[in-house]
Amino acid sequence: MAVRNILTDEDPLLRKTSREVSEITPRIETLVEDMLDTLYETGNGIGLAAPQVGVLRRVFVIDLQEDEDSQPLVFINPEIYETDGSQVNQEGCLSVPGRWGEVERPAHLRVRALNAKGEPFDMEATGLLATCICHENDHLDGILFTDKVIGELDEA
Ligand code: GNR
Ligand code: NI
């Protein structure tokens with residue numbers, strides 16, 4: 001169990017483009033485990049991208065934690081290859097504490113990635129899962145939800 005520090009707002013690493021993972025090394029395995037520990041430690045977080053813990057690699061984890069036995073999803077080198085429709089959701093970010101705002105995202109998407117074992121998978125997502133996949137994928141390109149907020153950014 002290793003909880004890593006989550007970078008916030010003005011940290012320049014959050015604005016960098018992350019690099020692809022070429023091989024699932026022990027270092028990547030530890031990164032994924034630590035990211036899950038870090039996500040669960042937040043209590044209410046539903047996703048976390050590697051650059052948020054200062055690692056510029058194309059990796060993110062998601063667990064909507066909608067029920068007791070929800071399983072985390074691990075995305076390595078994700079590629080959102082199809083999107084359609086649109087939805088607007090209130091978003092927040094562990095790296096932008098105390099601020100929320102509405103962001104438009106695709107209503108439906110298809111994404112392929114490698115799982116924690118390096119095996120390729122393909123999935124479809126709608127609703128909050130689709131929103132979260134887009135939010136995390138943006139982190140890999142140095143984009144924060146605040147860049148995309150429609151109208152006011154609400155502060156706590
Ligand atoms: O915990 C989070 N909640 C959330 C809510 C709406 C849309 C996106 C998110 S992701 C965020 C965690 C986070 O900052 N991931 O990068
Ligand atoms: Ni975020």
Side-chain angles (χ1 to χ4, degrees), residues 1-21 28 30-80 83-111 113-116 123-156:
M1 166 108 190
V3 172
R4 300 201 188 185
N5 183 44
I6 299 178
L7 306 181
T8 53
D9 294 278
E10 309 301 331
D11 196 299
L13 287 180
L14 292 171
R15 294 307 193 169
K16 304 257 188 204
T17 299
S18 291
R19 289 194 298 141
E20 287 207 343
V21 171
I28 295 294
T30 302
L31 170 66
V32 169
E33 283 170 27
D34 290 358
M35 285 173 63
L36 288 168
D37 290 341
T38 306
L39 176 64
Y40 294 131
E41 179 74 10
T42 67
N44 53 0
I46 60 173
L48 188 69
Q52 293 181 277
V53 295
V55 178
L56 297 178
R57 288 295 186 161
R58 302 191 78 81
V59 177
F60 61 75
V61 298
I62 291 178
D63 191 339
L64 300 186
Q65 304 193 67
E66 281 170 330
D67 52 64
E68 289 285 298
D69 42 36
S70 66
Q71 291 289 322
L73 294 167
V74 175
F75 296 79
I76 298 172
N77 300 343
E79 190 190 346
I80 298 170
T83 62
D84 48 86
S86 101
Q87 59 173 327
V88 174
N89 268 305
Q90 184 86 355
E91 296 195 18
C93 181
L94 293 167
S95 295
V96 189
R99 286 188 271 170
W100 294 270
E102 289 189 331
V103 180
E104 184 177 3
R105 303 288 191 183
H108 169 258
L109 61 78
R110 293 179 197 272
V111 57
L114 304 178
N115 66 19
M123 74 180 289
E124 252 184 297
T126 60
L128 183 60
L129 181 58
T131 292
C132 193
I133 289 170
C134 293
H135 176 116
E136 302 313 335
N137 199 63
D138 274 353
H139 276 298
L140 307 184
D141 294 319
I143 299 165
L144 298 177
F145 84 93
T146 48
D147 301 340
K148 297 187 167 177
V149 160
I150 305 165
E152 296 281 288
L153 191 58
D154 296 323
E155 290 194 37

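Any value given below was found using the heavy atoms of this structure, including those in side chains, with hydrogens, waters and symmetry copies removed. Quick caveat, the model's predicted, so the values are computed rather than measured. Numbering of ligands and ligand atoms starts at 1, following listing order.
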Shortest non-hydrogen separation from [X] to [Y] and the atoms involved:
{"X": "Q65", "Y": "G45", "result": "NE2-O, 3.2 Å"}
{"X": "A49", "Y": "F60", "result": "CA-CB, 3.7 Å"}
{"X": "G47", "Y": "L94", "result": "O-CD1, 3.8 Å"}
{"X": "P72", "Y": "Y40", "result": "CB-OH, 3.4 Å"}

Which atoms of ligand 1 have any heavy atom of [X] under 4.0 Å away?
{"X": "H139", "value": "16 (O)"}
{"X": "Q90", "value": "6 (C)"}
{"X": "G45", "value": "1 (O)"}

For [atom], what is the nearest protein heavy atom, given as residue, atom name and distance?
{"atom": "atom 7 (C) of ligand 1", "value": "E91 CG, 3.4 Å"}
{"atom": "atom 14 (O) of ligand 1", "value": "L94 N, 2.8 Å"}
{"atom": "atom 8 (C) of ligand 1", "value": "H135 ND1, 3.6 Å"}

Backbone or side-chain N or O of C93 under 3.5 Å from ligand 1 N or O: no
Does the N or O separation between Q52 and ligand 1 drop below 3.5 Å for any pair?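 N/O-N/O distance below 3.5 Å exists for this pair.
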Option with minimal heavy-atom separation from [atom], where the choices are [options]:
{"atom": "atom 9 (C) of ligand 1", "options": "G92, G47, A49", "answer": "G92"}
{"atom": "atom 10 (S) of ligand 1", "options": "R105, Q65, E136", "answer": "E136"}
{"atom": "atom 4 (C) of ligand 1", "options": "I46, L39, T131, I6", "answer": "I46"}

Measure the shortest side-chain to side-chain distance between M35 and L31 over non-hydrogen atoms and say whether it is less than 4.5 angstrom. yes
Would you call E124 and R110 a salt bridge, using N to O less than 4.0 angstrom?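 A salt bridge links E124 with R110.
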Output yes when R105 and E91 qualify as a salt bridge under the 4.0 Å nitrogen-oxygen rule, no when they do not. yes
Is it true that, when you exclude R19 itself, more than 12 heavy atoms of the residues, nucleotides or ligands shown sit nearer than 6.0 Å to its CZ?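 Incorrect, the count does not exceed 12.
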